[in-house]
Amino acid sequence: MQDELIIGGVNVRSRLITGSGKYHDDSIIKDVLEAAECDIITVAVRRVDFDRPGESVINHVPKGKILLPNTSGARNAEEAIRIARLARAMGCGNWIKIEVINDQKYLFPDNVETIRATEVLAEEGFIVLPYMFPDLVSARKMVDAGAAAVMPLAAPIGSNKGVQMKEMIGVLISEISLPVIVDAGIGKPSHAADVMEMGASAVLLNTAIATSPDPVCMARAFKHAVLAGREAFLAGLGPVAAAGVASSPLTGFLDSLDEQ
Amino acid sequence: MMSFTQFLQTVSTETLKRRSDGVTASTIASILSRNTLSIEDFYLLLSDGASGMLEEMAQKARSVTRKQFGNSIFLFTPLYISNICDNHCPYCSFAKQHSIVRKHLSLDEIKQEADSIAAKGIRHILVLTGESRRSASPEYIRSAVEILRERFSSITIEVYALTSDEYKMLIDAGVDGLTIYQETYNRELFKSLHSGGPKADYDFRINAPQRAAEAGMRNVALGALYGLDDWRMEAFVSGLHAYYLQNKFPSLEVSVSFPRLRPQAGEFSTAHIVSDRQFVQMLAATRLFLPYAGVTLSTRESKRFRSAVLPIGITKISAGVSTAVGGHSGDSSTAQFEIADSRSVLQVKSDLLQEGFQPVMHDWNYAYVR
């Protein structure tokens, strides 16, 4: 059976999505994408100067990749909508990751505003990927609003804290029919493997690669982790037991009786 | 609603002072092992007892900064449009009593200055004026902003304290950031330094960031001018000011800065010189207390010093600076203070890349909200 990931009608080959911020030198992005074998890269529209396209980070994204502009910096639905429209008008394509953040301390997304923006942008024909706090009620509303996937956070953005929201993400994976792409907080390849083992459709991460001393090597490590996690999920993990389990704890005595 | 000055009264510096007497290296090590710092932790990091742990503090501050901001450093250029001033601040060249070359740019001259700065690739501009409601009125500042928004993507103002309605007017015209320094948080000293001018109202100035945030300002930068009073107390209160604003306005981007007094036109001298070591201590302590806050570093500091402290917690620096009115395109006037780093925008960008940082020119655009 083919293991396909379809987002907004597009068959996406790689289950690892990376970002383009925080690098010390953007010229390394091309090598990172190659090492990670990514199809999709997210770019903060706020960092793209459409008046001076020559200096844009977009120039470092190789042709053939799917550009996922994000609305970072937006504090409400209206700003996110304006940023999305501007990105599309300037040739950044049809995909948009909605990021509405009202809290500079924890950088948590505002689900209510995100649902509003999803509704408007999906109606306008965007492939909408909302970044969200992992809450089932909100996720369902995003599905109804026309999202192409949901992107719950694993932990605060940039925190590298791993899958702190495990239970809630598990609920989304089992209840939401769209792809669940775990975004933010993934600090190590083992974190990525962890959510993939749970059945997440893909992961998006940036900080762990961009701020690594060797981003290309780290990108490759994440590629392997995502593949390993996915294969483990497909294979079906064994049940987890709290204590060591003897092979036949209840009936083993029969053998010793037989020996007598 | 509790104001910042009311909030300050809830912080017992007596107790903090007593506790800071017993600070040892292990007290600091234990603070450094925590992710979230209390107000007391912040006070202790600024104490004399912490100075022996400076390297450890700087290391942790660097890692916190990289996690929050990555390797990005934002660049901006200040644009002085008028140095006419009704204040008597003895530490500033623009003070009324100084006989300096006064200059007030016409709108055409502002265009020329703006074009000259924009040609260097700068997209984020900081507009400054002296305090004179007669010559540099809020309406004049608005006219300047209307010119600048055609040429820059993001505009911050550093002007005298305004009313809520005036902030609202300038935000509507295209301003997204406010920089305003309290100069000194010491109320008595503030009074004695600023008597006789419109700046004399301590409370009107200290509440300016809050008024701006309420009016819808996206970014606020604040701090003290170091050299006027005891640096530990100034750094502590300015950190609390940022902390208070962030709690009150979760969506606000708060920044702090630690400008050290530079040579200027007057005779002002100070007994409160802040050493480089002390600068690093307050930078690291503030970064650890406020991991989310931006920290700006100006050309008051030398190239060597700027490069050295950049990794410890700086997120925004100025480049291609003239502190004189008209200094970018035409005949210049007296500078507000002597700058210590005269590198061009291009040079700063290339130095940043070499030091492992990504210079960011564009981080917000007026078009996103209008």
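Scope of the values below: all heavy atoms of this structure, side chains included, with no hydrogens, waters or symmetry mates. Every chain is numbered from 1 and lettered A, B, ... according to where its sequence line falls, protein lines coming before strand lines.
- Atom NZ of B/Lys120 sits in a crowded spot, with more than 12 heavy atoms from other residues, nucleotides or ligands closer than 6.0 Å.
- Proximity to chain B (any heavy atom under 4.5 Å) is shown, for A/Val45, by both the backbone and the side chain.
- In this structure, A/Asp49 CG and B/Met361 CE are separated by 9.0 Å, a value rounded to the nearest 0.5 Å.
- Around atom CD of A/Glu34, no more than 12 heavy atoms belonging to other residues, nucleotides or ligands sit under 6.0 Å away.
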* Asked: Step by step, would you call A/Arg47 with B/Gln358 a side chain to side chain contact (heavy atoms under 4.5 Å, CB included)?
  -> CA-CA 12 Å; A/Arg47 292 285 170 84; B/Gln358 179 70 25; over 6 Å; no
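- Under a cut-off of 6.0 angstrom, the local environment of NZ in B/Lys60 is crowded, with over 12 non-hydrogen atoms contributed by other residues, nucleotides or ligands.
- A 6.0 Å sphere centred on NZ of A/Lys223 holds more than 12 heavy atoms belonging to other residues, nucleotides or ligands.
- In the displayed structure, B/Arg34 atom CZ is contacted under 6.0 Å by more than 12 heavy atoms of other residues, nucleotides or ligands.
- Using a 4.5 Å cut-off between heavy atoms, B/Val360 touches chain A through its side chain atoms alone.
- Around the CZ atom of B/Arg343, the shell of radius 6.0 Å holds more than 12 heavy atoms that belong to other residues, nucleotides or ligands.
- Of the atoms belonging to B/Leu252, it is backbone heavy atoms, and not side-chain ones, that fall under 4.5 Å from chain A.
- For CE of B/Met169, the number of neighbouring non-hydrogen atoms (other residues, nucleotides, ligands) closer than 6.0 Å is greater than 12.
- Between B/Asn247 and A/Lys105 the shortest side-chain heavy-atom distance falls below 4.5 Å.
- Looking at every heavy atom in both residues, B/Asn219 comes nearest to A/Arg75 through OD1-NH2, 4.3 Å.
- Across B/Ala293, B/Ala367, B/Ala118, B/Ser154, the residue that shares the most heavy-atom pairs under 4.5 angstrom with chain A is B/Ala118.
- Within the 4.5 angstrom heavy-atom criterion, only side-chain atoms of A/Leu107, from C-beta onward, approach chain B.
- The heavy-atom pair separating B/Tyr368 from A/Val48 by the smallest distance is OH-O, 4.4 Å.
- A donor-acceptor distance shorter than 3.5 angstrom exists from the side chain of B/Arg218 to the backbone of A/Gly73, with no hydrogens or angles considered.
- Residues B/Lys67 and A/Thr211 are not in side-chain contact: their nearest non-hydrogen atoms beyond the backbone lie 4.5 Å or more apart.
- Between B/Phe249 atom CZ and A/Asp103 atom CG the span is 14.0 Å, to the nearest 0.5 Å.
- Summarising the geometry, atom CZ belonging to B/Arg151 is positioned 12.5 Å from atom CG belonging to A/Asp51; distances are rounded to the nearest 0.5 Å.
- Pairs passing the ring-ring contact (aromatic ring centres under 6.0 Å, His included) check and including a residue from residues 65-113 of chain A, sequence neighbours excluded, read A/Tyr106-A/Phe108, A/Phe108-A/Phe133.
- Put simply, the side chain of A/Gln104 gets close to the backbone of B/Ser251: a donor and an acceptor are under 3.5 Å apart.
- Heavy-atom neighbours of A/Glu123 CD from other residues, nucleotides or ligands within 6.0 Å: at or below the threshold of 12.
- Looking at B/Glu253, both its backbone and its side chain come within 4.5 Å of chain A, counting heavy atoms on both sides.
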